[in-house]
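Written below as structure tokens is the structure these notes are about.
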Amino acid sequence: MPSSSSSSEIINNRFLGFLIWQLIHPTIIYLIYKTLLSPFTSHFFSFSLLTPFFFFIFHSSLLLFSYTLSTISSPQVTQAASLSEIASSIVRFFINSVIGSSSPNQSTPSFRSGVRTSLGFILFVISSAISGSIAVVSLCRNSDLFSGFELIGLGFRGFVFGLIYGVHYVYLKRWVLSFPIIQRPRFFSFKMGLPSSARIALKLSSLSLLCSALVVVFLPNKYKSKGTIWKFIVEQGLFYIGSIAVSLCWELSHLLHQVLHTKRCVFAPPIGSAAAETNPSEPLLGALEESTPKSLLQYLAYLDLCMTCENNVDTWRRAAFFEETGETYRRVVSVCLRPLEQLTSKLCEGLEGSSKEKTDRFSHQLCSPTDLVNELKLNESFNEFQLCEWSARAVSALTARSHKDDRFGIAQLSGCNASVMSTLLSCLLAVEACMGKKTHLQAPQLMGPTSIKWATLNTGKRDGATASVGKRRGGPLHGKAYAMADVLRTSIYMIVSVFHNEMMGSTKAGILEKDWIVGSKPLYGTCDILVQKLSLFLDFRAS
């Protein structure tokens, strides 16, 4: 269990462990490939000085792929700079250099981050192509079917194969670390991913066989295969099996990287140590507060916090949050609410940009370029969906646990309950606005004769912001917003179900807003809207 001083070494240790473990499956695949194709490789059983050399070259090519894979991996989607943006920045730099201008650098931190991301993708694609060329040649070089020039042609086909794999990997954003819903032991997580890895390897190898065969047509004749039809068929079979072997090695390295880097890390001192008795929450809080934003270490810390608050495994760690001074509980709530507040602020900016557009009859029917830009900004706001999900689940579980575990009444006296409920409701309203739902204050239900409640008339109209954003329900934005809204509703219902009696008593006494809603203006909506939304949850009618 890492301490606060060793938190920065967690990622380095996992990276080194990944580089060591990824040496095993390529060795097994290499030996199986050579054994199965021994009838076509007469030099397999005759040891020579070149045998360990090419085996070392094969592992070096895979090590190059694994290293560049680790450099571009990220727990969330990062936006890369486009080629036009990079080209315009280079042109401005050369113009300023020629004219001797001393104007300050106009590039923003987001642009510099996008440039680094783009360069990382380009480097990964190039390294995949080089790795594919070297790995395919090292596997097939023992065959008497390939001469010197034909091996160069084979290496070129391996280069095309690696290029296709790298572009496919980057385009589908497979470099984003996907944290599993259920944390299993590493062996079972790796075993569960083997079938999908084999399918992807087979598909990409089949595609590469066709594409590389078309490219080889344009090569000079000395690099092409010469001989009978049978020799040509055998060569294609050897390349196809070799590309499957290399692609399977890459897929298993990708799977191993995912398994090792998304495994939960416990940020707590060993049980029985002095740190566990005095301040067991400091390693976790230090990782949450001091880690680089959007880094893997920050994601691992939020994952550990979420599982500690929800599960009953480390109850001693959760009980330490409710210490007498209340400082630890306030710090935990603060770090949980931070991602939700950032999400709400970004959604507010996107919705304000949408509300400034024209609302004539054509703006509700046609998709303008400005609508696409606003939707793209809102879509980028959900890039930290995983972090916001863990934060909402952790803070709701901790608030619900405070009903029994908070012996000193810190959650209620410090105002944390009101902050938690207000942030969850405000974030839910902003997310529902992205889905196209009305978020303004509803008129009270009309009372007819004989105490019959008449519902208010729904005209079906929506304000310009929500109408322009929520009209494309099949898009990725609506799916992310729907998932986030489901997480927020579940979190709010978890708190309401535990404190239902207290909230109903506050409602009858007219102090529900005082106990569960902050007095300042919320990030989205108004205090009256939050109270009305909370009343729907109390009646179990929020959907």
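For reference, positions follow the sequence shown, starting with 1.
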So, do W390 and F179 have ring centers that fall under 6.0 Å from each other? yes
field: Under 3.5 Å: donor-acceptor pair, side chain of S133, backbone of I130
entry: no
Check: For the residue pair Y169 and H254, is the inter-centroid distance of their aromatic rings smaller than 6.0 Å?
Finding: yes
Point to revise | Test item: T490 and R393 side chains (from C-beta on) under 4.5 Å apart, heavy atoms | key: no
- Please say whether more than 12 non-hydrogen atoms of neighbouring residues, nucleotides or ligands are located less than 6.0 Å from NZ in K294. no
Aromatic rings F156 and F159: how do their planes relate, parallel, tilted or perpendicular, breaks at 30° and 60°?
parallel
Quick check: do S253 and H25 have side-chain heavy atoms less than 4.5 Å from each other? yes
Check your understanding: Which word best sums up how the rings of F121 and W175 line up, parallel for under 30°, tilted for 30 to 60°, or perpendicular for over 60°?
Key -> tilted
Report yes or no: do Y302 and Q386 form a side-chain donor-acceptor pair below 3.5 Å? no
Check: Can you find a pair of side-chain heavy atoms, one from R264 and one from L300, that are under 4.5 Å apart?
Finding: no
Side-chain donor/acceptor of R317 to backbone N/O of F267, under 3.5 Å: yes
In S206, S205, S208, the residue satisfying side chain to side chain donor-acceptor pair (under 3.5 Å) with Y240 is S206
If the threshold is 4.0 Å, N to carboxylate O, is there a salt bridge linking E341 and K346? no
- Under a 4.5 Å cut-off applied to non-hydrogen side-chain atoms, are L343 and C427 in contact? yes
Sidechain-backbone polar pair: S138 side chain, I134 backbone, donor-acceptor under 3.5 Å: yes
- request: Check for a donor-acceptor pair, side chain of D314 on one end and backbone N or O of T308 on the other, with a separation under 3.5 Å.
  value: no
_H168 side chain vs I164 backbone, donor-acceptor pair below 3.5 Å_ = no
In terms of side-chain heavy atoms, does T27 have a donor or acceptor partner in H59 at a distance below 3.5 Å? yes
Between S131 and S128 (side chain of the first, backbone of the second, donor and acceptor by atom type, cut-off under 3.5 Å), is there such a pair?
no
Requested in this report: Would you mind reporting whether Q258 and S178 have side-chain heavy atoms less than 4.5 Å apart?
Outcome: yes
Checking Y67, F65, Y165, Y171 against F124 for ring-ring contact (aromatic ring centres under 6.0 Å, His included), the one that qualifies is F65
Margin query: Quick one: does any side-chain atom of R14 pair with a main-chain N or O of L260 as donor and acceptor, under 3.5 Å?
Written below: yes
Inset, instruction - Answer yes or no: is there a donor N or O on one side and an acceptor on the other, between the side chain of T68 and the main chain of L64, under 3.5 Å? - result: yes
- F239 ring center within less than 6.0 Å of F161 ring center: no
Any donor and acceptor pair, going by atom type alone, linking the side chain of Q183 with main-chain N or O of T262 inside 3.5 Å? yes
Do F385 and K480 touch side chain to side chain, with heavy atoms closer than 4.5 Å?
no
Check: Just by distance, do the side chain of N13 and the backbone of I10 share a donor-acceptor pair under 3.5 Å?
Finding: no
*So, do W250 and L62 sit near enough that their side-chain heavy atoms are less than 4.5 Å apart?*
yes
